[in-house]
There are 4 protein chains.
Amino acid sequence: MICVTETPAVPAKSTASRRGRPRSEASHQAVMEATARLLDVEELPYEELTVERIAAEAGVGKQTIYRWWENKAAVVLEALVTGYVKLDFHQVPDTGDLRADLDSWVEQSVKGLCKQDEDEGTVILRSLMAAIVSGGEAIQELLQNTDVWSGMHLAERLRSAHTAGELRDDVDPGMVASAVMGAVVMQMLTVGKPDGESLKRLLHVMLDGALEPRRPA
Amino acid sequence: MICVTETPAVPAKSTASRRGRPRSEASHQAVMEATARLLDVEELPYEELTVERIAAEAGVGKQTIYRWWENKAAVVLEALVTGYVKLDFHQVPDTGDLRADLDSWVEQSVKGLCKQDEDEGTVILRSLMAAIVSGGEAIQELLQNTDVWSGMHLAERLRSAHTAGELRDDVDPGMVASAVMGAVVMQMLTVGKPDGESLKRLLHVMLDGALEPRRPA
Amino acid sequence: MICVTETPAVPAKSTASRRGRPRSEASHQAVMEATARLLDVEELPYEELTVERIAAEAGVGKQTIYRWWENKAAVVLEALVTGYVKLDFHQVPDTGDLRADLDSWVEQSVKGLCKQDEDEGTVILRSLMAAIVSGGEAIQELLQNTDVWSGMHLAERLRSAHTAGELRDDVDPGMVASAVMGAVVMQMLTVGKPDGESLKRLLHVMLDGALEPRRPA
Amino acid sequence: MICVTETPAVPAKSTASRRGRPRSEASHQAVMEATARLLDVEELPYEELTVERIAAEAGVGKQTIYRWWENKAAVVLEALVTGYVKLDFHQVPDTGDLRADLDSWVEQSVKGLCKQDEDEGTVILRSLMAAIVSGGEAIQELLQNTDVWSGMHLAERLRSAHTAGELRDDVDPGMVASAVMGAVVMQMLTVGKPDGESLKRLLHVMLDGALEPRRPA
DNA sequence: TCGTAAGCGAGACGGTACGTCCTGTCTTCGC
DNA sequence: GCGAAGACAGGACGTACCGTCTCGCTTACGA
C-alpha cells in the first residue's frame, strides 16, 4: 500500500562489485519477515516492537539492522512499503456503482478491524503512523518519493472508476484515494472504535461534495 | 483543537473533600506549561520529550506527574486538548466564499508550517499523532468523548457556512471538518513537505465531490 | 587481603540527611555477594564476568551498579577489598620457625590452587590483577589509600615474627609481606602452573638475602 | 624481556613447503609494528587496543591476524617477547657494587616511568600483565616455555654478579631476577604511583634477607 | 604455463557487552 | 498526606568488538 519509485536507502556505492563481503540478501529478507511476523501475527504494537526483538526473531545481529536501516521506523516502513506487511483493508468490489462499492468496502473493512477485542485491529495502522511520525529525516526523505496509499486496492478501483467515467474528468483519482484514505484512517485513529456508519457519511461527503451544488455548477 | 466533554482523567474520587493535602493546582499548571514550552518553544519531537524532562522543566517531582496522568501521551494530549499547545493552523477567513476562504487558509497554514527549516513546522502535529497512536487504553477512552478537530476554527467556519447555506443541507459540518482535517493532516504527514497546491486540489475534491454529478443522479 | 583506610568512593554528599531516597544498602550488599558468588562459586574469569551478569545475579538494575561504581574493576576490587571474596591462600602456621612456616604455607597454598583442573585455582588472583590493571584513574586513586596485601594472614604472621625478633629489626614487616606476595603472585601468574619447589626457593632468597653475606655484614 | 625457547604458535604444518601462497612476512611485521606503535607511541591501554585497530593500523585484514594468532593477548605478548615493544626499565649499571647499581637502576626507572602525567608510564607494563592474565590456554602454554623476565638486562647483571661472587653461591640468579622483578612490578602496579624510596627498601630486603641472620643459624 | 590451493585486504555477518537513557515505582524528607 | 528529590528494577537503545565468513584478487607451488 505504499509505493516507492526506487529504494536506494544506502548511497548506492557506485559501481557494480565492491570489495569485501557483499550484503546478505538472506538477512535482509529475514529482517523483513521477522518484522512482518511480529506486527502481523504477534500483533505487537509499535512501541513494543523493539529492534532487539526483530534481530532475535530474524536470527540476525543487531548491528546488521543498524547497518542498513536508520532506525526502527525505517525497518517498519520498508516492511509496509514492500508488502511484507499488509494493512487490514479489504478489496474494493467493482459492480460499476462506485458509491455502493465503497460503502461495502468500508463495511467489510470495519468488520474485519473490529472483530478482534480492544483495538488490535488497528495495530498495523497505528504502527504505520507511528513510524511515519517518529522517523527522522531519513523517513521524511523516503516519503518524498513515496505515495503511501497508492498501492492499496482502493487506488486501483478509483483509477478504473476514472476511466469508466464514474469520476469527474478533472479530478486525479490518486488524489481522491489520498483524500479518502486520509480521512478514513484519521477517523479510525482519532475515534475510539471505527464506526461504519460515520465512515460512510464521511465518504459520501467526499463523493458528492460538501458545497451546495448550485454554486460550482 | 481537541474537544472534551468532560475531563476526569483520574476517577474523580467521588465526593468533594478528600483527606490529606489536595492536588496542587500550581503543579498541574506547571506541568502543562512545561509541556507546552518544550513542544512549542524548544520544538522537541515527541520521542525526545520525556516525562523526566517535563518534570524538571516544571520543577515538579516525577511522581506528581504519574499521580495525575497515565503516561506521557496523556500529558501531551491534555496540553493539546486544553489549549496550552496550539496546532499551527491559521484562522479561516470568512468572506462568504467558502472555497476561496479555505484556499487562503491552506495557503497561509502551509506558509506558516514551511517557513522553518526541515520539518519543524509539523512537530506539534506529529506529537499529537504520536500521542494518539501510542497512548494505551486510557487515551482511547479519552478519545471516545472527544472530537479532536472540532475545536479548531475551521469547524466553526464550516458551521457558519452551513447556516449560511453554503454547504449542502444534508451534510454535518462537523463531519466535513473531520474529513477535511483528516485528509489535510494525513497529507501533511505522509508527504515530506506540505505543498499548498496539492492540498488545495485535495480540498476541492471534498468541496465539489469526486463523482461525476450527472451519472449517479 | 586489601586494606582501605576509608571508602568514600562517592563524593560524601556533605551533611547527614539528603533529600530523595537514600542508597539501598540491600542492593549494595546484593551486588557484592553476587560478584563473590560469580567469582568464587561459578569461577568465572574476569572477562566473562559482566556487569549485566552481576546485576542479574544480584536482582539489581544495571544503572544501580553504574551509579555507585565506576566500572567492573571497581566492583571487583571492592568485593576483594571488603572481604566478600577471598584469595585462595592458606593461613600461615605459627610454630615459631618462620622459614618452616612459610614453606608449609606455600606448599598448602599451591596444593589448594592446583587441585582443580587447568588454572581454575588462580581465577580470583587473575581477576584481582585484571581489575587492578584495567581499572582507570578511579582504581588508581583507590589503590593509593590501600595496601592490597596487608590484609592477608601472611602480613599478620610477619608482624608477629617481627615483634618476636625473628625478622631483622630494620625491616618493615609490611614491606616484606609486599615483597613476598608480589614475587609469589607474579611467579604464579607468569608461570603456567604454580610449582611449590621453585616458589620455596624464591621465598628463601627473600628470607636469607641474595647478597654474599660477608659484604653487607 | 621475555624469553621464549621456541615460537611455533601455529602447529608448524610439518614439512617445509606447503602449497598455496606462503605467509606474508610483510604482514607479520606490519602487525607487530602496528601493535608496538599503538602501545608505545599512542599509549593505548590494553582494553582500548583492539584487533580491528591493529589491523587498520597495519593495513592488514582482520582475518590475517586471526589466522596467525589466537587472540589479542597472543599478539601483544609476541610483540613484547620479540622486542617490538620494550618495557620502560633502564639498564642496570655495573660498577661492581650490586646494591648501589640496583638502587640507581630503580631510581632511573622510576624517574622514567613517572615523568609522564598520571599513570601513562606503566601502560606497557599493565598491558603485559593484562595479556598474561586474560589470555586463554594458548598463552598459558606459551608461558610454560618462557621466562618473562630473564630477557631483561637486570637478569644479565645478576648473572654477572653471580659469577663475580657478589651473590651467594647457592642462589640461582634467574630466580633472584624473578623475585626482584615480581616484587618490583607488583609494587608498581598495586600502588598508585611508583615510589623510588619504597622500591629501594623492598629491594634491600631481598638483597640482605628478611630474617634475623643470627637466630636461624 | 597454467591450474589451483592458500593467503591477502576488505568488510558484512551473528553475537554479546557496553554504558546511557527512560519508564514507572518506591522511599526518604519537608511542608 | 501531598510534593520535590532521587534511588530503584527493568529494559531498550545505539555503539563497539569479537571471532567467523565470504567476496575478488594475488601469489607461487607443482603438474
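All chains are named by letter (A, B, ...) in the order of the sequence lines, taking the proteins before the strands, and each is independently numbered beginning at 1.
In this entry the distance linking CD1 of D:I54 with C1' of F:dG19 reads 14 Å, nearest Å. Distance C:E25 CD to E:dT27 C1': 15 Å, rounded to the nearest Å. Spacing between atom CH2 of C:W69 and atom C1' of F:dC8 amounts to 13 Å, rounded to whole angstrom units. With rounding to whole Å, D:E48 atom CD is found 9 Å from F:dC17 atom P. A:Q29 has its CD atom 14 Å from the P atom of E:dC13, to the nearest Å. Rounded to whole Å, the distance from OH on D:Y46 to C1' on F:dC18 is 12 Å. When rounded to the nearest whole Å, the span between CZ of C:R23 and P of F:dA9 equals 11 Å. Between C:E47 atom CD and E:dC18 atom C1' there is a gap of 16 Å when expressed in whole angstrom units.
With hydrogens and angles left out, the side chain of D:Q63 and the base of E:dC8 share no donor-acceptor pair within 3.5 Å. For a distance-only test at 3.5 Å, the side chain of A:R19 fails to qualify as a donor-acceptor partner of the base of F:dC23. In terms of polar N and O atoms assigned as donor or acceptor, the side chain of B:K62 comes within less than 3.5 Å of the base of E:dG24 in a complementary pairing.
Mapping C:Y66 and D:G61 onto DNA chain E by nearest heavy atom places D:G61 closer to the 5' end of the strand. Both C:P22 and D:V51 lie near DNA chain F, and the one whose nearest nucleotide falls closer to the 5' end is C:P22. Comparing A:G59 and B:L49 by the nucleotide of DNA chain E that holds the closest heavy atom to each, the one mapping nearer the 5' end is A:G59. Each of C:R21 and A:E52 was matched to the nucleotide of DNA chain F holding its nearest heavy atom; the match closer to the 5' end belongs to C:R21.
Proximity of a side-chain donor or acceptor of A:T64 to a complementary backbone N or O of A:V60 within less than 3.5 Å is not detected.
Contact annotation: C:W68 side-chain N/O to F:dC8 OP1/OP2 distance is under 4.0 Å. Listed pair A:S24 / E:dA12 fails the phosphate criterion, with no side-chain N or O lying under 4.0 Å from OP1 or OP2. Look at D:T64 and you'll find a side-chain N or O under 4.0 angstrom from OP1 or OP2 of E:dG9. Taking only side-chain nitrogens and oxygens, A:S27 never comes nearer than 4.0 Å to OP1 or OP2 of E:dA12.
Side-chain proximity of B:T50 to the nucleotides F:dG14, F:dA7, E:dT23 is greatest for E:dT23. Nearest nucleotide to the side chain of D:R67, out of F:dA4, E:dG7, E:dC13: E:dG7.
Looking only at side-chain heavy atoms (C-beta outward), B:V51 and B:V75 stay at 4.5 Å or farther from each other.
Listed by chain and residue number, C:S24 satisfy the side chain to side chain donor-acceptor pair (under 3.5 Å) test with C:S27 (two or more places apart in sequence, or in another chain).
The list of salt bridge (charged side-chain N to carboxylate O under 4.0 Å, His left out) pairs with a residue in residues 54-63 of chain B, not counting sequence neighbours, reads B:R37-B:E57, B:E52-B:K62, B:R53-B:E57.
For the atom pair OH of C:Y84 and CD of C:Q29, the computed distance is 4.0 Å after rounding to the nearest 0.5 Å.
Residue A:E70 qualifies as open at atom CD: its count of foreign heavy atoms under 6.0 Å is 12 or below.
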